[in-house]
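Note that this is a predicted model, so its numbers are computed, not measured. In what follows, chains are A, B, ... by sequence order, proteins preceding strands, each numbered from 1.
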Amino acid sequence: MRIATWNVNSIKQRVGHLLGFLDEAKPDVVCLQELKCQDEGFPRAEIEAAGYAVETLGQKAYNGVALLVRAPLAMSEIRRGLPGDDSDEQSRYIEALISGEDAAPVRVASMYLPNGNPAPGPKYTYKLGFMDRLIAHAHALMLDEQALVLAGDYNVIPEPEDAADPAAWVSDALFLPETRTAFRTLLAEGFTEALRACDPKAGLYTFWDYQAGCWQRNQGIRIDHLLLSPQAADRLVSASVQKHLRGLDKPSDHVPVTIELTSR
DNA sequence: ATGGCCCCCGTTGGGGGA
């Protein structure tokens with residue numbers, strides 16, 4: 001079973017690239033972030049025509065997450081929104097149980113963690129609060145002792161080797177000590193970070209800013225992650241970054257990260 | 001990591017992203 005995560009930075013702008021990715025990579029599950037549209041604006045028909053079921057949690061102009069699942073796999077137990085704050089209006093979390101005849105079930109979440117800049121400030125407070133809620137929810141899910149994949153744009157640079165120029169990020173919300181501590185606390189619930197587990201070398205990036213020739217100079221950062229429960233990690237075969245998609249015309253500033261799990 | 005962009009909404013500028 002192949003599971004991909006991709007911050008597309010507007011699904012309407014990127015539907016062509018997404019359909020190309022579905023055709024070439026044939027992922028079974030795709031976690032999308034930054035749809036930047038409401039549910040009624042999501043290009044559902046084109047994606048369903050490619051053989052995928054679609055569940056979205058959209059929002060006008062900002063945020064927005066989705067799960068795509070390739071037939072004959074199907075979704076159930078869909079959860080929209082991260083528990084723990086009923087006043088949170090931002091569309092940043094969707095989760096479903098993925099199952100099919102030939103594969104053991106996997107619970108998958110697609111999430112878009114807040115950026116948090118400028119820090120300190122209310123946006124950073126919201127980011128840390130979101131991470132606290134995520135840790136609590138992950139803890140509850142872990143009690144099931146089932147295969148679980150928390151995938152998405154974490155807006156966290158875990159370690160200095162995950163940035164081409166770590167010194168440039170020392171006071172940024174993506175790399176502040178409190179941010180990295182919260183991420184490590186989440187990992188300590190028992191998760192394996194899939195790409196790092198498969199490929200420990202430095203210099204693997206998933207985001208390159210549109211500005212200042214960052215892509216041309218390979219000034220990237222690694223902020224898109226897949227976290228695996230022990231039952232999912234036991235099934236981990238490989239993890240890879242689809243870097244070539246950053247070189248297309250009108251690319252997203254993020255590229256997909258894809259993992260392969262054994263079917264059971 | 002800002003000189004350099006891109007996307008949204010809704011118009012020709014402002015908010016947001018990372």
Atom [atom1] of [X] to atom [atom2] of [N]: distance rounded to whole Å?
X	N	atom1	atom2	answer
A:Gln219	B:dA18	CD	C1'	14 Å
A:Gln33	B:dA18	CD	P	10 Å
A:Arg92	B:dG16	CZ	P	12 Å
A:Gln59	B:dC7	CD	P	19 Å
A:Gln38	B:dC7	CD	C1'	16 Å
A:Gln216	B:dA1	CD	P	13 Å
A:Lys60	B:dG15	NZ	P	17 Å
A:His225	B:dA18	NE2	P	12 Å

Heavy atom of residues 205-213 of chain A under 4.0 Å from DNA chain B: which residues?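 Nucleic-acid contacts, sorted: A:Phe207, A:Asp209, A:Tyr210, A:Gln211, A:Ala212.
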Quick check on contacts: within residues 246-258 of chain A, what sits under 4.0 Å from DNA chain B by heavy-atom distance?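 Output list: A:Lys250, A:His254.
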Is it the case that A:Arg92 places NZ or CZ above or below the six-membered ring of A:Tyr112, under 6.0 angstrom from the centre and within 45 degrees of the axis?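 Yes, A:Arg92 and A:Tyr112 form such a contact.
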Nearest-angstrom distance, [atom1] atom, [N] to [M]:
N	M	atom1	answer
B:dT11	B:dC5	P	26 Å
B:dG15	B:dA1	P	25 Å
B:dG3	B:dG13	P	22 Å
B:dT2	B:dG14	P	22 Å
B:dG4	B:dG10	P	27 Å

[X] side chain near [N] phosphate (N/O to OP1/OP2, under 4.0 Å):
X	N	result
A:Ser10	B:dC8	yes
A:Gln13	B:dC8	yes
A:Arg14	B:dC7	yes
A:Asn115	B:dA18	yes
A:Asn7	B:dA18	yes
A:Tyr112	B:dA18	yes

Applying a 4.0 Å non-hydrogen cut-off, can you work out what [X] is touching in the nucleic acid: base, sugar-phosphate, or nothing?
X	answer
A:Asp224	nothing
A:Asn63	nothing
A:Asn155	sugar-phosphate

Any donor-acceptor N or O pair under 3.5 Å, side chains [X], [Y]:
X	Y	value
A:Asn7	A:Asp224	no
A:Asn115	A:Tyr124	no
A:Gln242	A:Ser240	yes
A:Tyr126	A:Asp88	yes
A:Asp253	A:Trp208	no
A:Asp102	A:Ser263	no
A:His254	A:Glu34	no

Which of the following nucleotides, B:dG16, B:dA18, B:dG17, is nearest to the side chain of A:Ile221?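 Nearest nucleotide to the side chain: B:dA18.
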With respect to the side chain of A:Leu174, which nucleotide from B:dA1, B:dA18, B:dC7 is positioned closest?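 Nearest nucleotide to the side chain: B:dA18.
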Where each residue is assigned the nucleotide of DNA chain B containing its nearest heavy atom, which of A:Leu35 and A:Ile223 is assigned the position nearer the 5′ end?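 Closer to the 5' end of DNA chain B: A:Leu35.
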Is the shortest distance from a Lys or Arg side-chain nitrogen in A:Glu95 or A:Arg80 to a carboxylate oxygen in the other one below 4.0 Å?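 No salt bridge links A:Glu95 with A:Arg80.
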With side chain to side chain contact (heavy atoms under 4.5 Å, CB included) as the test, would you mind laying out the steps for A:His17 and A:Ser252 before giving the verdict? CA-CA 9 Å; A:His17 290 350; A:Ser252 172; over 6 Å; no
With hydrogens left out and only the distance checked, is there a donor-acceptor pair under 3.5 Å joining A:Asp172's side chain and the base of B:dA18?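 Side chain to base: no pair below 3.5 Å.
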Quick one: sort the A:Tyr154 and A:Phe183 rings into parallel, tilted or perpendicular, breaks at 30° and 60°.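 Because their plane-to-plane angle is over 60°, the rings of A:Tyr154 and A:Phe183 count as perpendicular.
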